[in-house]
Amino acid sequence: MNRADVESPDLVVRCQAGDVDAFAELYARHSARIFSLAARMAGSPETGEDLLQEIFLQAYRKIGGFKGDAAVGTWLYRLALNHCLDFVRSRQAKMDKATDAIDGEDRSEVAARRESPVERLDLERAIRQLPEGCREVFVLHDVEGYEHKEIAAMLGIAEGTSKSQVFKARMKLRALLI
Amino acid sequence: MTTPHPDGVTLSDYVAGDASLEPAARADLAAHVASCRDCQAMVDSLREISAAARRLPPLTPRREAWNRIERALRADGADSKSRVRRRPLWPWLAAAAAVLLTTLVGFKVVDLRRQSAQATSAAGPDIATAQSVEAELAQAEQHYQKAIAGLEQIANAEKGTLDPQTASTLEKNLTVIDRAISESRAALRAQPSSEPAQASLLENFKSKIALLQETIALINEMRRGSDTGAAGAVTGLKQKGT
């Protein structure tokens with residue numbers, strides 16, 4: 001169990017009382033995970049920071065309703081995920097168009113083997129270059145660890161679409177990283 | 001006879017250990033991959049990408065991200081508590097600002113230009129006079145700094161009342177003025193008797209005081225719920241930094 005999972009009840013109570021300093025502590029514990037999700041889903045650290053601000057402002061307004069059924073970090077992450085999904089859905093039409101671009105890629109084009117491991121920074125950059133649509137699904141599946149059926153439910157798409165989007169994203173990353 | 005290449009999505013599922021693949025289908029895939037260099041290469045690279053994605057460490061937002069959020073939270077908190085909290089603070093803010101303004105108006109700024117001119121019109125450079133001018137400048141600076149500190153205290157205590165965009169404009173403008181103050185100081189260190197540097201330093205102090213006064217005026221207007229007054233004050237704030 002990491003540090004972020006261990007929240008003192010006092011911290012939650014102080015947050016519920018509108019104590020901004022307590023929120024600063026909550027932010028210090030959870031901002032990296034939430035920012036990672038937001039920045040990767042959005043494909044831009046700048047948009048990720050905008051989403052991060054919106055998420056914490058929303059949390060500040062909603063934490064009064066937090067009942068303690070789960071850890072506050074889990075509650076915060078769900079809030080963040082929903083906010084990111086709303087963001088993704090709001091540009092759904094654009095996303096569908098953008099992902100068409102890689103539909104025709106031929107798997108045989110990239111048969112060469114790589115010996116070197118994928119560099120972390122290269123991968124971060126490459127994820128940002130993924131077209132909207134497959135990037136979000138890839139982040140949810142390969143980075144955040146959600147199952148295809150969960151992603152399908154979250155994004156309102158077919159499970160098969162989630163699978164093909166992850167495949168497209170992996171192929172695109174493979175092409176970008178090799 | 002070799003089996004046909006499986007499609008990419010199937011190989012991708014195979015890499016991910018997708019539970020929807022039947023054991024028999026999985027075994028067939030494994031056999032094909034083991035005997036096909038292309039598919040083996042594909043599986044290896046897909047697996048590598050997937051594993052690297054799982055290992056990605058968390059990203060850290062910039063430090064400024066929290067500053068923005070904190071301002072928004074404080075503004076939001078102040079907004080929701082306005083009916084119980086805002087009104088009683090207004091007389092204190094107004095009184096504090098008024099005291100500072102009186103202090104500034106009452107303080108007779110030394111006419112450094114005149115003194116300096118008198119010094120240079122004498123028989124030659126007078127070290128004692130130069131030292132006197134520097135002392136007067138130091139005294140003037142001390143008074144300005146005291147006034148600035150007081151105004152900053154008031155402005156910072158209630159800055160959360162401002163919307164993030166205005167607060168950001170204010171910070172930007174203050175940064176510009178602070179930089180100008182630093183540059184004037186540096187010029188004065190190089191040439192302590194430079195009249196333009198002396199005048200510039202004092203002008204920059206005045207600009208900072210004016211900006212802080214307008215910030216407090218804006219905070220007060222917002223507390224009173226005067227959109228017109230607040231709009232005027234915002235315009236003033238924006239103009240100060242340009």
Say you draw a straight line from CD of B/Glu70 to CZ of A/Phe56; how long is it, rounded to the nearest 0.5 Å?
13.0 Å
Minimal heavy-atom distance between B/Ile49 and A/Arg170, with the atoms involved, is CD1-O, 3.5 Å
A/Ser36 (side chain) donor-acceptor with B/Leu59 (main chain) under 3.5 angstrom:
yes
Can you tell me if A/Glu49 uses its side chain to pair, donor with acceptor, with the backbone of B/Arg62 under 3.5 Å?
yes
If you measure from CZ on A/Phe167 to CG on B/Leu46, what distance do you get to the nearest 0.5 Å?
6.5 Å
Sort A/Ala24 into side chain, backbone, both or neither according to what part of it lies under 4.5 angstrom from a heavy atom of chain B.
both
Qualifying residues under side chain to side chain donor-acceptor pair (under 3.5 Å), relative to A/Asn82, sequence neighbours excluded:
none
What are the two closest non-hydrogen atoms of B/Ala72 and A/Leu57, and how far apart are they?
O-CD1, 3.8 Å
Just checking A/Glu124: does its CD atom have more than 12 heavy atoms from other residues, nucleotides or ligands closer to it than 6.0 angstrom?
yes
Whether A/Asp50 and B/Arg68 form a salt bridge (side-chain N of Lys/Arg under 4.0 Å from carboxylate O of Asp/Glu) is what I want to check.
yes
Would you mind checking if A/Asp142 and B/Arg47 are paired as a salt bridge, meaning a charged N to carboxylate O distance below 4.0 Å?
no
Work out which heavy atom in A/Val166 is nearest to a heavy atom in B/Ser12; give both atom names and the distance.
CG1-OG, 4.4 Å
Enter the distance from B/Asp13:CG to A/His148:NE2 here, rounded to the nearest 0.5 Å.
5.5 Å
Just jot down the salt bridge (Lys or Arg N to Asp or Glu O under 4.0 Å) partners of B/Arg185, sequence neighbours excluded, or say none.
B/Glu141
Which region of A/Ile127, side chain (C-beta onward) or backbone (N, CA, C, O), has a non-hydrogen atom less than 4.5 Å from a non-hydrogen atom of chain B, or is it both or neither?
side chain
Gap separating the CZ atom of A/Arg33 from the OG1 atom of B/Thr60, nearest 0.5 angstrom
14.5 Å
Non-hydrogen atoms of A/Gln53 and B/Ile69 that approach each other most closely:
CA-CG1, 3.6 Å
Is any side-chain heavy atom of A/Leu177 closer than 4.5 Å to one of B/Glu48?
no
Do you know which two heavy atoms are closest between B/Pro61 and A/Tyr27, and how far apart they sit?
CG-OH, 3.5 Å
